[in-house]
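All residue numbers in this chain count up from 1 along the given sequence. Atom set for the values below is all heavy atoms of this structure, side chains included, hydrogens, waters and symmetry mates excluded.
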Amino acid sequence: MTTTTERGTAETIQEFFGRFGAGDRPGMLELFTPTVDFLVAGSETVPWTGHRTTPEEVDEFLRSALEDVATKEFDVEKILVDGADAVVLGSFAHEVRSTGKTFASVFALRITVEGGLIRRYHMFENSHGAALAFAV
């Protein structure tokens, strides 16, 4: 008899960031539920902002995060878990490829994991700094 072990909240988040660091877009995408509550607040001039609910929309976020910027620094400082819910705190610095401008930010993520998959992903970052960096 074969048994499967479901990833817990912390393990799912760590797996997501491992795949993100490796640039594994298909691998990251498979960590989301078929319908997701995915939100990055900010300006419409920043390609990864907005609300998303489908795998195709999440994939566009991932494409932008991997291709529209060159990540100079990325640090997950803390993952706080309470059952299915988690908060991730960290910081990053990106260079926008189209403008050559750099922006840095601290960030907080609110993530909910169900069945070993991410159902909610809400990111809070310096959206003003990102908008300025994308402005031509």
Would you call the rings of F20 and F74 parallel, tilted or perpendicular, taking 30° and 60° as the class edges? tilted
Mind telling me whether F107 and F17 have parallel, tilted or perpendicular rings, with 30° and 60° as the class edges? tilted
Which atom pair, heavy atoms only, marks the closest approach of R119 to T33? CA-OG1, 3.6 Å
What one should report as the nearest heavy-atom pair of R7 and L117 is NH2-CD2, 4.0 Å
Minimum heavy-atom separation for L89 to A108, with atom names? CD2-CB, 3.9 Å
Taking atom NE2 of H51 as the centre, does the number of heavy atoms from other residues, nucleotides or ligands within less than 6.0 Å exceed 12? yes
Of all the heavy-atom pairs spanning I118 and I111, show the shortest one and how long it is. CG2-CG2, 4.0 Å
Keeping S105 on the side-chain end and N126 on the backbone end, is there a donor-acceptor pair under 3.5 Å? yes
Kindly assign one of parallel, tilted or perpendicular to the pair F103 and F134, based on the angle between their ring planes and the thresholds 30° and 60°. tilted
Using the ring of each side chain (for Trp, its six-membered ring), is F32 parallel, tilted or perpendicular to F16, with breaks at 30° and 60°? perpendicular
Check whether any side-chain heavy atom of E95 lies under 4.5 Å from a side-chain heavy atom of T102, and answer yes or no. yes
Short side-chain to backbone donor-acceptor contact, T112 and A84, under 3.5 Å: no
Just do the side-chain contact (heavy atoms from CB on, under 4.5 Å) check on E125 and H94 with the steps written out, would you? CA-CA 12 Å; E125 64 183 2; H94 296 310; 5.8 Å; no
Considering only NZ, NE, NH1 and NH2 on the basic side and carboxylate oxygens on the acidic side, decide whether E60 and R52 come within less than 4.0 Å. no
Any donor-acceptor pair under 3.5 Å from K101 side chain to A135 backbone: yes
Please check if atom CD in E44 has more than 12 non-hydrogen atoms from other residues, nucleotides or ligands closer than 6.0 Å. no
Determine whether M28 and L66 satisfy the following criterion, side-chain contact (heavy atoms from CB on, under 4.5 Å), listing intermediate values before the conclusion. CA-CA 11 Å; M28 286 184 286; L66 293 172; 3.7 Å; yes
Kindly determine whether R110 and D85 satisfy salt bridge (Lys or Arg N to Asp or Glu O under 4.0 Å), including the steps that lead there. CA-CA 7 Å; R110 178 183 182 197; D85 296 309; 5.1 Å; no
